[in-house]
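Only one structure is covered here, and it is reproduced in the block below.
Model, not experiment: these values are computed from the prediction.
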Amino acid sequence: MFDDGTPIYRQIADQIKAEIMNGSLEPGGKVMSTNQYAAFYQINPATAQKAFRELVDEGVLYKQRGVGMFVADDARDRLASDFRERFFERVLAPLVREARQAGIPLTDIIDYLRAQEGALQ
């Protein structure tokens with residue numbers, strides 16, 4: 001389940017985010033408690049707690065005292081927006097810089113992307 005390259009708490013948070021994005025966890029849905037999560041994956045409860053705290057801080061999960069942890073109503077939209085932002089920063093910004101350096105007009109890139117869009121459908 002967990003790899004050695006990324007901290008376990010980060011992998012847990014990413015897994016929960018992926019489950020929200022693919023619909024396995026729905027808005028308002030209850031998630032396992034940190035103790036349940038820790039027991040199921042045989043990890044330290046503090047590690048699970050750190051992942052859940054991060055998700056609460058990001059507004060992806062919310063806690064109802066005495067009841068449990070739940071998926072925020074806007075979690076999917078929030079995650080999609082964050083992904084979009086990271087995509088533009090990580091993929092498109094370097095592409096634009098490189099195209100500019102190579103003298104490729106942005107209109108050529110746009111035309112290329114439009115042609116690819118048709119090929120993907």
Side-chain angles (χ1 to χ4, degrees):
M1 157 80 200
F2 301 113
D3 66 49
D4 292 333
T6 307
I8 292 174
Y9 81 91
R10 168 86 341 251
Q11 293 178 60
I12 293 167
D14 289 345
Q15 176 188 357
I16 291 170
K17 288 177 181 181
E19 290 173 359
I20 292 168
M21 290 304 292
N22 72 25
S24 298
L25 286 174
E26 296 183 2
K30 188 173 183 179
V31 296
M32 283 192 277
S33 72
T34 54
N35 288 334
Q36 289 171 323
Y37 208 92
F40 186 80
Y41 289 104
Q42 299 180 345
I43 59 171
N44 186 320
T47 301
Q49 178 65 34
K50 187 172 183 177
F52 281 55
R53 189 175 331 115
E54 185 174 285
L55 293 169
V56 168
D57 290 346
E58 292 176 8
V60 174
L61 299 180
Y62 66 93
K63 186 176 190 176
Q64 281 190 329
R65 180 167 249 146
V67 180
M69 197 79 69
F70 298 86
V71 177
D73 289 339
D74 66 345
R76 193 170 198 288
D77 292 338
R78 186 181 297 258
L79 291 171
S81 177
D82 289 348
F83 177 83
R84 184 175 191 264
E85 232 175 87
R86 284 193 319 275
F87 175 80
F88 280 105
E89 290 173 10
R90 192 181 72 248
V91 177
L92 293 183
L95 178 133
V96 169
R97 280 193 303 275
E98 196 168 324
R100 211 173 266 141
Q101 289 173 350
I104 301 170
L106 290 180
T107 54
D108 288 358
I109 295 170
I110 293 167
D111 291 343
Y112 177 82
L113 291 172
R114 284 192 176 124
Q116 294 305 307
E117 183 180 39
L120 294 176
Q121 293 178 354

Between Ile109 and Ala99, which heavy-atom pair has the shortest distance, and what is it? CD1-CB, 3.2 Å

Shortest non-hydrogen contact between Pro45 and Asn35, atoms and distance: CB-OD1, 3.8 Å

Determine, stepwise, if the pair Leu55 / Ile12 fulfils side chain to side chain contact (heavy atoms under 4.5 Å, CB included). CA-CA 10 Å; Leu55 293 169; Ile12 293 167; 5.9 Å; no

Verify whether the ring centers belonging to Phe52 and Tyr37 lie closer than 6.0 Å. yes

What's the spacing between Thr107 OG1 and Arg114 CZ if we round to 0.5 Å? 10.0 Å

Is there a path of hydrophobic side-chain contacts, each under 4.5 Å between heavy atoms of I/L/V/M/F/W/Y residues, joining Val96 to Ile104? yes

Whether over 12 other heavy atoms sit under 6.0 Å from Tyr112 OH: no

In the single-linkage hydrophobic clustering (I, L, V, M, F, W, Y; side-chain heavy atoms under 4.5 Å), do Met32 and Phe70 co-cluster? no

Tell me whether Phe87 shares a hydrophobic cluster with Leu95, the cluster being built from Ile, Leu, Val, Met, Phe, Trp, Tyr side chains joined at under 4.5 Å. no

For the student: nearest non-hydrogen atoms of Asn44 and Ala38, plus distance: C-CB, 4.1 Å

Quick check: closest heavy atoms across Ala72 and Gly59, and the distance to 0.1 Å? CB-O, 3.3 Å

Chi angles and distances behind the side chain to side chain donor-acceptor pair (under 3.5 Å) call for Tyr41, Gln36: CA-CA 9 Å; Tyr41 289 104; Gln36 289 171 323; over 6 Å; no

Rounded to the nearest 0.5 Å, what separation is found between the CZ atom of Arg53 and the OH atom of Tyr9? 10.5 Å

I'd like to know if Leu61 and Phe40 are part of one continuous hydrophobic network [Ile/Leu/Val/Met/Phe/Trp/Tyr, side-chain heavy atoms within less than 4.5 Å]. yes

So, the side chain of Gln11 versus the backbone of Thr6: is there a donor-acceptor pair under 3.5 Å, distance only? yes

Between Ala48 and Thr34, the two heavy atoms sitting closest are CB-O, 3.8 Å

For Leu79 and Met21, which heavy atoms make the closest approach, and how far apart are they? CB-SD, 3.6 Å

Any salt bridge between Glu58 and Lys17, counting N to O under 4.0 Å? yes

Under 4.5 Å between side-chain heavy atoms, chaining through other members, with only Ile, Leu, Val, Met, Phe, Trp and Tyr counted: pull out the rest of the cluster around Ile110, sorted by chain and number. none

Taking C-beta and beyond as the side chain, do Arg86 and Phe88 meet within less than 4.5 Å on heavy atoms? no

With rounding to the nearest 0.5 angstrom, report the CZ to CG distance, Arg84 to Asp77. 12.5 Å

Nearest-0.5 Å distance, CD of residue Glu98 to CD of residue Gln101: 7.0 Å

Flag yes if Val60 and Val56 sit in one hydrophobic cluster, no otherwise; membership is Ile, Leu, Val, Met, Phe, Trp, Tyr, and two members link when side-chain heavy atoms are under 4.5 Å apart. yes

Can any side-chain N or O of Lys30 pair as donor or acceptor with the backbone N or O of Val67 at less than 3.5 Å? yes

Would you say CD of Gln42 has more than 12 non-hydrogen atoms from neighbouring residues, nucleotides or ligands within 6.0 angstrom? no

Assess the side chains of Ser24 and Asn22: does a donor N or O sit below 3.5 Å from an acceptor N or O? yes

